[in-house]
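Let me begin by presenting the structure, written as structure tokens, before commenting on it.
Chain letters run A, B, ... following the sequence lines, proteins first and then strands; every chain starts at 1. Predicted model, so just to flag it, every value in this text is computed and none were measured.
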2 protein chains.
Amino acid sequence: MHLVPQVNSDVTIKDIAARCGISSATISRVLNHPEIVRPELRERVHAILAEAGYVPHGAARSLASRRTRTMGAVVPTVDSALFARIVDGLQQAIHDHGFQLLLASSNYSPAREAAEIRALIERGVDAMMLVGRSRSDEVYELLRAKRIPFVATCLFEPEAPWPTVGWDNQAEAARVADYLLDIGHRRFGIIAGVTADNDRAADRVAGYRAALARRGVGLPEACVIEKPYTVPEGRAAMAALLRLPQPPTAVLCGNDILAFGALQECLWLSVRVPQEISIAGFDDIEMAAHCYPGITTLHVPAHEIGRRAATVLLDMIKKQPAPEHVRIDLQLIVRGTTAPPADSAQARVSAGGETRAPQPT
Amino acid sequence: MHLVPQVNSDVTIKDIAARCGISSATISRVLNHPEIVRPELRERVHAILAEAGYVPHGAARSLASRRTRTMGAVVPTVDSALFARIVDGLQQAIHDHGFQLLLASSNYSPAREAAEIRALIERGVDAMMLVGRSRSDEVYELLRAKRIPFVATCLFEPEAPWPTVGWDNQAEAARVADYLLDIGHRRFGIIAGVTADNDRAADRVAGYRAALARRGVGLPEACVIEKPYTVPEGRAAMAALLRLPQPPTAVLCGNDILAFGALQECLWLSVRVPQEISIAGFDDIEMAAHCYPGITTLHVPAHEIGRRAATVLLDMIKKQPAPEHVRIDLQLIVRGTTAPPADSAQARVSAGGETRAPQPT
DNA sequence: TTGAAAGCGCTAACAT
DNA sequence: ATGTTAGCGCTTTCAA
């Protein structure tokens, strides 16, 4: 028979104390401040603890100590390579400091985010990581009143009264547009994420639009399509753009998932990328480098963001310094989905009103 | 100035009681058993509660009540379309019953899984969802001793002493292999997930192998490659298979991510899929349907699995019935990455020792 | 229907 | 270095 430590369901610190013939306060010390307990006693206690299969009672612990060594995170969705990696970075970093992570998702709904934040507060998290800036004053007030340190990520807003770790979505998006303008594109399409309640998505479109406007490049409203961040939605949006009488030569996407969907639609329709149409994404998720052709995009160091957020939060838990603002640098990664537009001769042909894009099946 | 409810950081049930001029026990009743409180009093208390911005203290609550209305889940990784969706299904289902979710990930390490399970128990989860069966006796013993209801998912094992919600990975994997055998393939490659500490990955390879063996189809060991579940690893594995003197005509993958990577490598190398090589995956993540060509795979209803797991756990919390076992049916989805192998004439040519696969860049 | 009071298991002063 | 003890904020008998 396999030997397993005897675990009785409800061993408390008191039981252990009794078995050791010492007071429960010392057991608590062994658990929380081992350095102040005489080494040999400490060893003996550890042995009994292990033998008895003692598991601390978290609720009792945090009720008494008023700390939980737990952090919370509320992300729009965990089913996203970007957020999954950010959370992973956060998780690892706080883990090294003895903190646990409580994860919740809002599904891009401010109401649900508020509910989750509230739930995390009830559960007593010592700090929390949020994404973006779109939330009600009530939420900020609650956070302030309960004195919960928090950081907003995927955002860089040095004037904000709370810390931010991220970048300027509008400015960065403009860089991508500028790049495509630089290589000669003049007819653009945008496949944006859903902008309602999503400041990052809204900022990105705003950045794309601003860059085009600065160069005097027009953008018919039919060329701007807003879609949830999924592959099939990206495909559908690209299909719609290709159906236009005068399709764009370059498509700016709200993120890499939409860009990937757009690219796949082109493959399905035998529209050559980048010869006939260029596609750019945002985030540089793993797939962007490995699909064929590779997607031109902005690299967001997701893991680093999680780690930096952790640092900021740990700092805030220790002391209450002025809100830190960490600017994360993004890098433009040019891959196979972008190239200069087809020559002007060809452009003239399609300008004749005839679409050169194959019809969707 | 914007009006926001006054939230004092530490309003307790006692403060509310004082403000209402009643005892704290009644406040507790309003919160937990509203039906036994006189309606008008109840209303008055609710008003004060809201006005004061009261937020219950979770730790105190669960210390006193010995329940947390919280469930835990430990998945290998959250950065996986499959697990993300399973968790989402679980989350939604338990949410409807007033439960919160505590999520942890093990990164496919049994040691880390054990630590996370322990942490969840410390935090007092009322039940938890796990994935697969590979864990030590100690963990099962701990779960038993602490009387934590749990369910193992992505697994169907009717004889197991704890509930399972899933399917037979070995049998299902064999179905895919059988399909490829049926359409004429005889030279196979396998790109498996890492089988150490991963029963699902191991069962899938075992299933592939068994199906081939049953039909007397040989499988050189060089044709079986084990890789972590990432796109670039899938690409690398496919590159290796294509470099073999006699490459397979069909490649069975451990999941869709590996299959996708394998497919992309073929695109990069201009190896035509399915004309020159067939590829099959497992899971049917969203991308499998939308990449080009679509990936032949087994559809795993991830959301349903999460929901069924929730049902089982909620049942177990209420009563302690015999372990339920829920069999989840998978469906074989045939898409563009599979087709009968090239004709025997061509097969003979490549059997001559010359590789027809382009060399990787 | 409501109140009084005894803990839930632990930590952290304060003593010694 | 260790023991004593008073809570932490809440739920839940038990009484009224």
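Applying the 6.0 Å contact sphere to CZ of Arg200(B) captures more than 12 heavy atoms from other residues, nucleotides or ligands. Open room surrounds CZ on Arg308(A); 12 or fewer heavy atoms of other groups in view lie less than 6.0 Å from it.
By the 30° and 60° cut-offs, the orientation of the rings of Trp162(B) relative to Tyr140(B) is parallel.
Note that the CG atom of Leu82(A) and the OG1 atom of Thr77(A) stand 11.0 Å from one another [nearest 0.5 Å]. Note that the CG atom of Leu103(A) and the CE atom of Met128(A) stand 12.5 Å from one another [nearest 0.5 Å].
Among all heavy-atom pairs drawn from Ala59(A) and Ser62(B), the shortest one is CB-OG, 3.4 Å.
Checked against side chain to side chain donor-acceptor pair (under 3.5 Å), Ser24(B) has no partners two or more places apart in sequence or in another chain.
Contacts between residues 21-31 of chain A and DNA chain C, defined by a heavy-atom separation below 4.0 Å, involve Ala25(A), Ser28(A), Arg29(A), listed by number. Within residues 34-41 of chain B, no residue places a heavy atom under 4.0 Å from DNA chain D.
Interface limits on DNA chain D: the 5'-most and 3'-most nucleotides within less than 4.0 Å of chain A heavy atoms are dA1(D) to dG9(D).
Helix-axis bend for the helix from dT1(C)-dA16(D) to dT16(C)-dA1(D): the local axis fitted to the five terminal pairs at one end deviates from that at the other end by 30°, rounded to 10°.
Using modelled atom types, no side-chain atom of His57(B) and backbone atom of Thr12(B) make a donor-acceptor pair closer than 3.5 Å. Distance alone, capped at 3.5 Å, places no donor-acceptor pair between the Ser28(A) side chain and the Thr26(A) backbone. Arg307(B) contributes no side-chain N or O that, together with a main-chain N or O of Leu90(B), makes up a donor-acceptor pair within less than 3.5 Å. Side chain of Ser105(A) to backbone of Asn107(A): no donor-acceptor contact under 3.5 angstrom is found. With hydrogens and angles ignored, the 3.5 Å screen pairs no side-chain donor or acceptor of Asp199(A) with any backbone N or O of Gly132(A).
The interatomic distance linking Arg69(A) (CZ) with dT11(C) (P) rounds to 12 Å, in whole Å. Distance Arg67(A) CZ to dG9(C) P: 21 Å, rounded to the nearest Å. Rounded to whole Å, atom C1' of dG9(C) lies 10 Å from atom CG of Asp10(A).
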Are there any protein N/O atoms within less than 3.5 Å of an N/O atom in nucleotides 6-8 of chain C, and if so, which ones and at what distance?
| from | atom 1 | to | atom 2 | distance (Å) |
| --- | --- | --- | --- | --- |
| dC8(C) | O3' | Arg66(B) | NH1 | 2.8 |
| dC8(C) | O2 | Leu63(B) | O | 3.4 |
| dC8(C) | O2 | Ala64(B) | N | 3.3 |

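Between the side chains of Thr68(B) and Asp126(B), at least one donor N or O sits under 3.5 Å from an acceptor N or O.
Shown are Thr70(A), Val125(A), Ile94(A); of these, the side chain to side chain contact (heavy atoms under 4.5 Å, CB included) with Gln100(A) is made only by Thr70(A).
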